Visitor: 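First the structure, then my questions, so here it is.
Keep in mind that this is a model prediction, so the values were computed, not measured. What's counted below: heavy atoms across the whole structure, side chains too, no hydrogens, waters or symmetry copies. When a residue number appears, it is its place in the shown sequence, counting from 1.
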Amino acid sequence: MTRSHRRATRADVPAIRALMAAAIDRLQRPFLDDATIAASHAVMGLDTTLIDDGTYYVIEIDGHMVGCGGWSRRATLFGGNHTSGRSDALLDPATDPARFRAMYTHPSFIRRGVGSEILSLSEDAARAKGFRRGTLASTLAGAPLYRACGWRDVETFLAPSGDGPDIPLIRMEKQL
């Protein structure tokens, strides 16, 4: 079994979107009902700015994408290209926390260190760019991993999905 990581490219977008859909649909089942899982797609997804900025990674095992995620120096906390309320304003590493975003593991590869590897790569890269703190918006399914990696809960909030139920998220922070 060969495991590797690399920066994502625009050519990866279809595979990333498929991985995200599988993770959203299957990994949230213990936490959300079917309607809320379906509505999650309006709030979550790929922000291609992360790829363009070179801050988004993929993990591969034997050439198959099994995880993805990254960090950002931009103000948007969560969501994909389609999510309303996005801001590409640049953050100041001296005063602002880096944003950790769009972390997904394929359901067939959970509990194999994929999520923690993506998180570690992202934390190291943000730290190297001068960020001293990080923040993220976690799903209920992702929170146990983040807590195990030293992130702390700040607040639980509901993200409006539009036509469906609001999506529960947890804002978390960590000193880098």
Visitor: If we ignore hydrogens and angles and just use 3.5 Å, is the side chain of Lys129 paired with the main-chain N or O of Ala98 as donor and acceptor?
Guide: no

Visitor: One pair to check against side chain to side chain contact (heavy atoms under 4.5 Å, CB included): Arg101 and Thr55. What are the steps and the verdict?
Guide: CA-CA 10 Å; Arg101 311 241 343 254; Thr55 61; over 6 Å; no

Visitor: I'd like to know if Tyr56 and Leu77 are part of one continuous hydrophobic network [Ile/Leu/Val/Met/Phe/Trp/Tyr, side-chain heavy atoms within less than 4.5 Å].
Guide: yes

Visitor: Between Arg3 and Asp62, does at least one N-O distance fall below 4.0 Å, as a salt bridge requires?
Guide: no

Visitor: Looking only at atom types and distance, does a side-chain atom of Asn81 sit under 3.5 Å from a main-chain N or O of Thr48, one as donor and one as acceptor?
Guide: yes

Visitor: Flag yes if more than 12 heavy atoms outside His41 fall under 6.0 Å of its NE2 atom; otherwise flag no.
Guide: yes

Visitor: Please report the closest heavy-atom contact between Gly67 and Val114, naming both atoms and the distance.
Guide: CA-CG1, 3.7 Å

Visitor: Looking at every non-hydrogen atom in both residues, tell me the closest pair between Ser72 and Leu91 and how far apart they are.
Guide: O-CD1, 4.1 Å

Visitor: Could you check whether Asp12 pairs with Arg6 (Lys NZ or Arg NE/NH1/NH2 to Asp/Glu carboxylate O, under 4.0 Å)?
Guide: yes

Visitor: Could you check whether any side-chain N or O of Arg99 sits under 3.5 Å from a backbone N or O of Phe78, counting only pairs where one atom can act as donor and the other as acceptor?
Guide: no

Visitor: Same cluster or not: are Leu119 and Leu121 linked, directly or through other Ile, Leu, Val, Met, Phe, Trp or Tyr residues, by side-chain heavy atoms under 4.5 angstrom apart?
Guide: yes

Visitor: Measure the CD1-CD1 distance between Ile16 and Ile51 for me, rounded to the nearest 0.5 Å.
Guide: 4.0 Å

Visitor: One thing to verify: whether Asp96 and Arg73 come together as a salt bridge, which I'm taking to mean a side-chain N less than 4.0 angstrom from a carboxylate O.
Guide: no

Visitor: Go through the steps for Met103 and Leu145 under the test side chain to side chain contact (heavy atoms under 4.5 Å, CB included), then give the verdict.
Guide: CA-CA 11 Å; Met103 302 214 176; Leu145 168 68; over 6 Å; no

Visitor: Just how far is it from atom CD1 of Ile167 to atom OG of Ser40, taken to the nearest 0.5 Å?
Guide: 3.5 Å

Visitor: Answer yes if Ile110 and Val66 sit in the same cluster of Ile, Leu, Val, Met, Phe, Trp and Tyr residues linked by side chain heavy atoms under 4.5 Å apart, and no otherwise.
Guide: no

Visitor: I'd like to know whether Asp52 forms a side chain to side chain contact (heavy atoms under 4.5 Å, CB included) with Arg10, so could you lay out the CA-CA distance, the side-chain angles of the two residues, the decisive distance to 0.1 Å, and finally the verdict.
Guide: CA-CA 8 Å; Asp52 296 342; Arg10 283 289 186 135; 2.8 Å; yes

Visitor: For the atom pair CZ (Arg152) and CE (Met172), what is the distance rounded to the nearest 0.5 Å?
Guide: 9.5 Å

Visitor: Looking at every heavy atom in both Trp71 and Leu50, which two are closest together, and how far apart are they?
Guide: O-CD2, 3.5 Å

Visitor: I'd like to know if Ile24 and Val13 are part of one continuous hydrophobic network [Ile/Leu/Val/Met/Phe/Trp/Tyr, side-chain heavy atoms within less than 4.5 Å].
Guide: yes

Visitor: Roughly how far, to the nearest 0.5 Å, is CD1 of Ile61 from CZ of Arg112?
Guide: 6.0 Å

Visitor: To the nearest 0.5 Å, how far apart are CD in Glu117 and CD1 in Ile59?
Guide: 3.5 Å

Visitor: Mind listing the closest non-hydrogen atom pair of Met20 and Ala102 along with its distance?
Guide: CE-CB, 3.9 Å

Visitor: By the definition side chain to side chain donor-acceptor pair (under 3.5 Å), identify the one residue from Thr49, Asp53, Asp88 that meets it with Arg74.
Guide: Asp53

Visitor: Counting neighbours of CZ on Arg7 that are heavy atoms of other residues, nucleotides or ligands and sit closer than 6.0 Å, is the number greater than 12?
Guide: no

Visitor: Contact between Arg147 and Asp153 at the side-chain level, heavy atoms closer than 4.5 Å - yes or no?
Guide: yes

Visitor: Near Asp92 CG, under 6.0 Å, is it more than 12 heavy atoms from other residues, nucleotides or ligands?
Guide: yes

Visitor: May I ask you to check whether over 12 heavy atoms, not counting those of His64, lie within 6.0 Å of atom NE2?
Guide: no

Visitor: Mind telling me whether Phe100 and Trp151 have parallel, tilted or perpendicular rings, with 30° and 60° as the class edges?
Guide: perpendicular

Visitor: For the pair His82 (side chain) and Met44 (backbone), establish whether a donor and an acceptor sit closer than 3.5 Å, ignoring hydrogens and angles.
Guide: yes

Visitor: Testing the basics here: between Phe131 and Pro97, what is the closest heavy-atom pair and its distance to 0.1 Å?
Guide: CD2-C, 4.0 Å

Visitor: Measure the SG-NE2 distance between Cys68 and His106 for me, rounded to the nearest 0.5 Å.
Guide: 10.5 Å

Visitor: Considering non-hydrogen atoms only, spot the tightest contact between Val43 and Ala159 and give its length.
Guide: CG1-CB, 3.8 Å

Visitor: Would you sort out whether Asp25 and Ile37 count as a side chain to side chain contact (heavy atoms under 4.5 Å, CB included), showing the intermediate values?
Guide: CA-CA 6 Å; Asp25 290 341; Ile37 290 170; 3.8 Å; yes

